[in-house]
Student: 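The structure's right below; bear with me while I get my questions together.
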Amino acid sequence: MKRALITGITGQDGSYLAELLLDKGYEVHGLVRRASTLNRSRIDHLHGTADLHLHYGDLTDGVSLSNQIRDIAPHEVYNLGAQSHVKVSFELPEYTASTDAVGTLRLLEAIRAARIECRFYQASTSEMFGATPPPQSETTAFYPRSPYGAAKLYSHWVTINYREAYDLFAVSGILFNHESPRRGESFVTRKITLGVASIKLGIADHLDLGNLDAVRDWGYAPEYVEGMWRMLQQDEPQDFVLATGIGTTVREFCRAAFAHAGLDWEDHVRYDKSYERPTEVDALVGDASKAREVLGWEARTNATDLAALMVDADIEQLSRLVRNRADS
């Protein structure tokens with residue numbers, strides 16, 4: 001039985017990846033941060049699964065990472081833990097750097113020091129491309145426009161360095177935006193679909209948003225974690241872009257989400273300057289040709305279908321909450 005360690009297992013990607021690996025017969029270990037309240041809703045349905053084991057750990061604590069790598073001796077490590085909100089990274093730049101940049105170094109060094117046969121996946125991001133015009137591929141120049149993008153770029157290059165310096169099987173997946181009903185509520189796609197659900201159910205009457213002209217390449221998270229796994233099954237370590245190849249503006253995603261609920265977005269969306277970033281990334285659209293050719297991976301869900309499934313999930317979730325409150 002293969003053992004896998006996932007940092008960020010309670011996040012969107014971590015929860016889907018845990019499901020995938022368990023289905024494939026892995027023994028799955030996940031690192032969770034110690035907090036006064038539990039934040040494990042995305043993996044609650046996996047509670048009691050015999051091959052799932054959770055451990056307290058933190059990417060800012062090198063000792064805890066070394067201990068976990070030594071004790072678990074994983075065959076595969078997926079580093080998905082991060083402070084992943086771009087706008088928040090401007091407010092917490094040092095914490096973002098410690099977690100997203102140096103955290104990766106700590107984890108790689110723990111693997112190297114343990115001298116175990118282990119394959120390492122680093123969650124890189126399209127935000128590393130920043131101001132470089134699309135389409136963006138594995139050979140496109142990087143130009144990050146946020147502390148988050150810069151921190152992730154450090155992680156990307158230090159992963160390459162450990163691969164070349166220590167012959168580690170270490171790869172980076174440069175994933176473009178990927179969403180789902182498990183997406184955090186502060187991210188724009190989930191904020192939109194939750195807003196649509198709230199307006200549809202009469203809980204709210206408007207939604208405040210920032211830059212509607214930003215173009216992003218939005219895919220479906222469960223498909224992307226399959227790509228992560230495929231990267232670690234290759235004979236040789238290589239970096240890959242995962243993307244749909246289709247650019248969609250925030251405005252277009254918004255229009256599709258409201259239309260799915262039978263609403264006109266222009267009746268309910270208000271512009272709020274406070275949501276603008278100090279430096280904006282205008283357009284991220286990926287070229288996943290290499291992933292198609294080498295991994296046999298291809299995105300299947302487009303932004304319109306994604307908006308619809310997220311709206312349906314949020315309407316169902318909010319309706320259930322309203323009913324439960326009424327019953328109580």
Side-chain angles (χ1 to χ4, degrees), residues 13 76-80 82 84 86 89 96-97 100-101 104-105 107-108 119-179 214-221 223-249 277 279-303:
D13 291 4
E76 296 174 1
V77 172
Y78 296 86
N79 184 29
L80 310 185
S84 58
V86 175
S89 75
T96 300
D100 298 8
T104 302
L105 175 65
L107 194 50
L108 283 165
R119 297 189 168 199
F120 177 82
Y121 172 85
Q122 168 58 24
S124 288
T125 170
S126 58
E127 288 287 333
M128 299 187 308
F129 295 118
T132 305
Q136 294 112 349
S137 71
E138 295 84 0
T139 59
T140 301
F142 298 117
Y143 190 161
R145 298 272 284 170
S146 66
Y148 169 73
K152 281 290 192 175
L153 185 54
Y154 175 91
S155 286
H156 180 79
W157 279 112
V158 81
T159 298
I160 292 172
N161 181 250
Y162 268 65
R163 180 168 73 212
E164 296 177 349
Y166 302 113
D167 199 29
L168 294 184
F169 193 109
V171 305
S172 288
I174 308 173
L175 273 55
F176 282 64
N177 295 64
H178 46 288
E179 320 295 310
V215 175
R216 294 294 183 270
D217 185 329
W218 279 303
Y220 187 35
E223 297 170 8
Y224 283 56
V225 299
E226 169 76 24
M228 298 177 188
W229 176 78
R230 291 190 186 191
M231 291 180 206
L232 291 195
Q233 312 315 308
Q234 301 304 299
D235 293 334
E236 299 294 333
Q238 301 180 61
D239 302 328
F240 291 91
V241 161
L242 298 186
T244 71
I246 301 171
T248 304
T249 65
R277 303 173 186 174
T279 47
E280 186 55 76
V281 173
D282 295 326
L284 297 173
V285 183
D287 175 0
S289 301
K290 182 181 175 182
R292 286 195 299 273
E293 294 167 5
V294 178
L295 302 178
W297 180 92
E298 190 167 6
R300 301 183 300 275
T301 306
N302 62 35

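In this text, all values refer to a predicted model and were calculated from it rather than measured experimentally. Quick note: residue numbers are just sequence positions, from 1.
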Student: Ignoring hydrogens, what is the shortest heavy-atom contact between A299 and A243? Give both atom names and the distance.
Tutor: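 Where A299 meets A243 most closely, the heavy atoms are CB-O, 3.9 Å.
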
Student: Starting from the C-alpha separation in whole Å, work towards a yes-or-no answer on side-chain contact (heavy atoms from CB on, under 4.5 Å) for Y78 and W229.
Tutor: CA-CA 9 Å; Y78 296 86; W229 176 78; 3.4 Å; yes

Student: Would you check if the side chain of Q136 reaches a backbone N or O of V285 as a donor-acceptor pair within less than 3.5 Å?
Tutor: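 Checked: pair present.
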
Student: Grab the two heavy atoms, one from A291 and one from L242, that are nearest each other, plus how far apart they are.
Tutor: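 Closest approach of A291 to L242, heavy atoms only: CB-CD2, 3.7 Å.
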
Student: Looking only at heavy atoms, what is the nearest atom pair of E179 and Y220, with distance?
Tutor: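 Nearest heavy atoms, E179 then Y220: O-CD1, 3.4 Å.
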
Student: Among I246, T249, T248, V281, whose side-chain contact (heavy atoms from CB on, under 4.5 Å) with V215 holds?
Tutor: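 Output: one option passes, namely T249.
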
Student: Would F240 and V171 count as a side-chain contact (heavy atoms from CB on, under 4.5 Å) if you check the C-alpha gap in whole Å, the side-chain angles of each, and the deciding distance to 0.1 Å?
Tutor: CA-CA 8 Å; F240 291 91; V171 305; 6.0 Å; no

Student: Has Q122 got a side-chain atom pairing as donor or acceptor with A170's backbone, closer than 3.5 angstrom?
Tutor: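 No; judged by distance alone, with no hydrogens or angles, the pair does not exist.
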
Student: Would you mind checking if E223 and R230 are paired as a salt bridge, meaning a charged N to carboxylate O distance below 4.0 Å?
Tutor: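 No salt bridge links R230 with E223.
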
Student: Can you tell me how far the CD atom of E138 sits from the OG atom of S172, to the nearest 0.5 Å?
Tutor: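 It comes to 11.0 Å.
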
Student: Could you pull out the closest heavy-atom pair between G149 and P144, with the gap in Å?
Tutor: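 Shortest heavy-atom separation between G149 and P144 comes out as C-CB, 3.5 Å.
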
Student: Supply the atom-to-atom distance M228 CE to L80 CG, rounded to the nearest 0.5 angstrom.
Tutor: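 Spacing of CE (M228) from CG (L80) equals 5.0 Å.
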
Student: Looking at side-chain heavy atoms only, is the closest gap between L108 and Y166 below 4.5 Å?
Tutor: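 They are not in side-chain contact.
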
Student: Do the side chain of S124 and the main chain of H156 share a donor and acceptor less than 3.5 angstrom apart?
Tutor: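 No; judged by distance alone, with no hydrogens or angles, the pair does not exist.
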
Student: Report the relative orientation of the aromatic rings in W297 and Y224; use parallel for angles under 30°, tilted for 30 to 60°, perpendicular for over 60°.
Tutor: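 Rings of W297 and Y224: perpendicular, over 60°.
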
Student: Taking D217 for its side chain and G286 for its backbone only, find out whether a donor-acceptor pair lies under 3.5 Å.
Tutor: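 Confirmed, D217 side chain pairs with G286 backbone.
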
Student: Look at the side chain of T279 and the backbone N and O of R145, then say whether any donor-acceptor pair between them is shorter than 3.5 Å.
Tutor: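 Yes; at least one donor-acceptor contact below 3.5 Å.
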
Student: G219 and T244: which non-hydrogen atoms are nearest, and at how many Å?
Tutor: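 Looking at all heavy atoms of both residues, the closest pair is CA-CG2, 3.7 Å.
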
Student: Restricting to non-hydrogen atoms, name the atom on N177 and the atom on S126 that form the minimum distance, rounded to 0.1 Å.
Tutor: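 Closest approach of N177 to S126, heavy atoms only: OD1-OG, 3.8 Å.
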
Student: I'd like to check Q238 versus K290 (side-chain heavy atoms, cut-off strictly below 4.5 Å). Are they in contact?
Tutor: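 Of all side-chain heavy-atom pairs linking K290 with Q238, at least one is under 4.5 Å.
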
Student: Who passes side chain to side chain donor-acceptor pair (under 3.5 Å) against S155, sequence neighbours left out?
Tutor: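 Result, side chain to side chain donor-acceptor pair (under 3.5 Å) vs S155: T104.
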
Student: According to salt bridge (Lys or Arg N to Asp or Glu O under 4.0 Å), does anything in residues 233-245 pair up with another residue at least two apart or in another chain? List the pairs.
Tutor: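 Of all non-adjacent pairs touching residues 233-245, those that pass salt bridge (Lys or Arg N to Asp or Glu O under 4.0 Å) are R163-D239.
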
Student: Mark yes or no for whether K152, through its side chain, and S84, through its backbone, hold a donor-acceptor pair below 3.5 Å.
Tutor: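 Answer holds: no.
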
Student: Walk me through it: do Q233 and L295 pass the test side-chain contact (heavy atoms from CB on, under 4.5 Å)?
Tutor: CA-CA 9 Å; Q233 312 315 308; L295 302 178; over 6 Å; no

Student: Quick one: does N79's side chain get under 4.5 Å of F120's, heavy atoms only?
Tutor: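 In short, these two side chains touch, coming nearer than 4.5 Å.
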
Student: What about F129 and F142, are their ring centers closer than 6.0 Å?
Tutor: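 Yes, they do, as the ring centres are separated by less than 6.0 Å.
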
Student: Using 0.5 Å steps for rounding, measure from the CE atom of M128 to the CG atom of L284.
Tutor: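 Answer rounded to 0.5 Å: 11.0 Å.
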
Student: Would you check if the side chain of R119 reaches a backbone N or O of Q234 as a donor-acceptor pair within less than 3.5 Å?
Tutor: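 Yes; judged by distance alone, with no hydrogens or angles, the pair exists.
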
Student: What's the spacing between I174 CD1 and F176 CZ if we round to 0.5 Å?
Tutor: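 Here the interatomic distance stands at 7.5 Å.
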
Student: Working to the nearest 0.5 angstrom, can you tell me the gap between T159 OG1 and Y154 OH?
Tutor: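 Nearest 0.5 Å value for the OG1-OH distance: 9.5 Å.
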
